[in-house]
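Reminder, nothing fancy here: chain letters follow the sequence lines and each chain counts from 1.
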There are 2 protein chains.
Amino acid sequence: MPESRASRDEVRVAVSTVIVALRPHPRTGTSVLWLPLVRRTREPFAGRWALPGGWVPADEGLAAAAARNLFETTRLQPAYLEQLYAFGDVGRSPTGRVVSIVYWALVRAEQADAASEGENVRWVMADELPELAFDHNRIVEYALWRLRTKMEYSRIAHAFLGETFTLTELRHVHEAVLGRPLDPANFRRSIESSPAIVRTDERVTGGRHRPPRLYRYNTAIELADNGPLGTP
Amino acid sequence: MPESRASRDEVRVAVSTVIVALRPHPRTGTSVLWLPLVRRTREPFAGRWALPGGWVPADEGLAAAAARNLFETTRLQPAYLEQLYAFGDVGRSPTGRVVSIVYWALVRAEQADAASEGENVRWVMADELPELAFDHNRIVEYALWRLRTKMEYSRIAHAFLGETFTLTELRHVHEAVLGRPLDPANFRRSIESSPAIVRTDERVTGGRHRPPRLYRYNTAIELADNGPLGTP
DNA sequence: CTCTGTTCTGGTTATCCTGACCTTTACTGA
DNA sequence: TCAGTAAAGGTCAGGATAACCAGAACAGAG
């Protein structure tokens with residue numbers, strides 16, 4: 001939520017985005033969830049960390065406004081963007097009534113590494129969040145819950161990976177999101193029975209082990225069932 | 001969406017509600033989904049049917065505004081109210097930019113029967129909708145999809161029934177929502193294995209058959225997993 | 001060249017869940 | 001007393017899942 005233009009009898013509309021990336025834990029090295037925060041430069045909550053966002057102009061769609069604000073503050077262009085929830089309690093902002101349409105985005109690890117991290121943008125681990133401005137802690141909590149439940153029936157893991165990937169890479173994404181280890185053999189079976197992911201003939205050599213095959217998403221199949229809205 | 005107060009550079013916030021009730025089909029007699037529509041009295045779309053709704057005042061929460069608008073236009077007080085989606089495309093309304101926070105509500109059959117149905121409020125079957133104002137057909141379509149997918153893991157069927165109910169009544173609710181018949185024996189097993197619904201010792205006599213037992217929801221258990229927001 | 005550690009890959013088994021179907025029970029109304 | 005109806009409970013096969021085991025294929029050390 002950006003600067004305030006307080007006024008009575010007016011409901012202002014903002015967009016905020018919860019962005020999630022997969023990066024290694026600094027100590028254990030296992031992949032965990034990270035998200036970028038921006039430092040607020042104005043009141044209210046000046047100096048506090050918050051989710052990237054801004055006001056919605058009259059001539060721009062909600063998703064477009066979320067993506068634009070995200071790019072302007074962090075230079076990130078997410079591989080996945082989905083509406084999460086509209087937060088509109090009366091007391092959310094001390095400077096007037098604000099309804100925030102919150103979006104939820106995933107970025108690939110390469111993008112996250114290349115993203116500008118300066119004075120006012122910082123990546124933090126999802127389970128080590130500081131106290132955020134407004135009700136943003138609650139928003140992040142809800143976003144992570146949605147991520148965990150959605151992973152099961154959708155192909156959102158795709159957003160974290162490149163065009164091709166090994167089964168172990170894909171399994172690491174699932175493990176990071178779900179927070180528990182998965183059996184490699186069973187995971188392989190569940191993926192190979194799904195038409196959304198196809199095996200290629202390519203292999204990856206160079207590791208001290210049997211070379212794994214590369215897989216890719218089957219773009220012809222749309223498995224994620226988001227209902228009549230397509231990608232709501 | 002109510003009357004327009006067109007102005008440039010301003011994003012107005014409205015709430016609309018998709019309300020669903022279970023009532024018998026006029027010919028077949030089986031229970032199907034119905035929803036109440038209100039006739040628009042002003043431009044744009046004057047004379048067309050639309051979802052009940054209105055503007056959000058600065059001092060009222062989103063869910064509260066949805067419930068109040070719903071009561072004022074239809075006298076309905078839903079047993080269940082949940083946020084569905086925020087629709088905010090630029091061209092939704094011909095009279096300026098409007099972001100509609102759409103809620104989704106269920107009412108019991110008794111309430112639906114007692115509801116005022118006059119010149120400007122009419123109940124229609126979900127699969128025989130007329131052409132609605134704005135993008136409301138698309139909104140209803142999405143709401144019904146959510147209802148069908150959510151029925152599986154939640155206790156929302158409760159909203160359609162009273163305190164106690166027989167398994168057949170509960171099964172009829174599920175059948176109406178899913179649109180297909182369910183095996184009574186298997187349905188019984190799935191319900192009895194769930195801790196959310198408990199069997200009482202009461203029976204219902206009067207039918208020309210073995211008297212069924214009454215069941216009730218276990219209020220101590222919160223099975224519906226709506227995440228950290230509780231009832232988002 | 002052989003050995004070893006690692007991960008990939010495929011297979012087996014027990015278990016749970018689901019759907020389809022059948023039988024018995026218990027009531028009302030003719 | 002009988003017929004009709006729906007409740008209630010049981011069986012059984014098939015599919016999905018989880019846990020576990022074993023061989024295959026590489027890189028690097030010695």
Tell me: [atom1] of [X] to [atom2] of [N], nearest whole Å?
{"X": "A:Arg188", "N": "C:dG11", "atom1": "CZ", "atom2": "P", "answer": "11 Å"}
{"X": "B:His174", "N": "C:dG19", "atom1": "NE2", "atom2": "P", "answer": "13 Å"}
{"X": "A:His209", "N": "D:dA22", "atom1": "NE2", "atom2": "C1'", "answer": "19 Å"}
{"X": "A:Phe165", "N": "C:dT7", "atom1": "CZ", "atom2": "C1'", "answer": "18 Å"}
{"X": "B:Arg213", "N": "C:dT25", "atom1": "CZ", "atom2": "P", "answer": "15 Å"}

Kindly check if the number of other-residue, nucleotide or ligand heavy atoms within 6.0 Å of CD (B:Glu131) is above 12?
-> no
Is there a donor N/O on one and an acceptor N/O on the other, under 3.5 Å, for the side chain of B:Arg210 and the base of C:dT25?
->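 For B:Arg210, whose side chain was compared with the base of C:dT25, there is a donor-acceptor pair (under 3.5 Å).
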Modelled atom types, side-chain donor and acceptor of B:His172 and B:Glu169, under 3.5 Å |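 There is no such pair (donor and acceptor under 3.5 Å, judged by atom type) between the side chains of B:His172 and B:Glu169.
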Per B:Arg203 side chain, nearest of listed nucleotides D:dA8, C:dT9, D:dG4 = D:dA8
Cationic tip of A:Arg213 within the cone over A:Tyr215's six-membered ring, i.e. under 6.0 Å and within 45° of the normal?
-> no
Kindly give the atom pairs (protein nitrogen or oxygen, nucleotide nitrogen or oxygen) under 3.5 Å for nucleotides 10-17 of chain D.
| unit_1 | atom_1 | unit_2 | atom_2 | d |
| --- | --- | --- | --- | --- |
| D:dT11 | O4 | B:Arg189 | NH1 | 3.2 |

Strictly under 6.0 Å, is that where the ring centroids of B:Phe165 and B:Tyr217 end up?
-> yes
Flag side-chain contact, heavy atom, 4.5 Å: A:Tyr103 against A:Leu62 |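 They are in side-chain contact.
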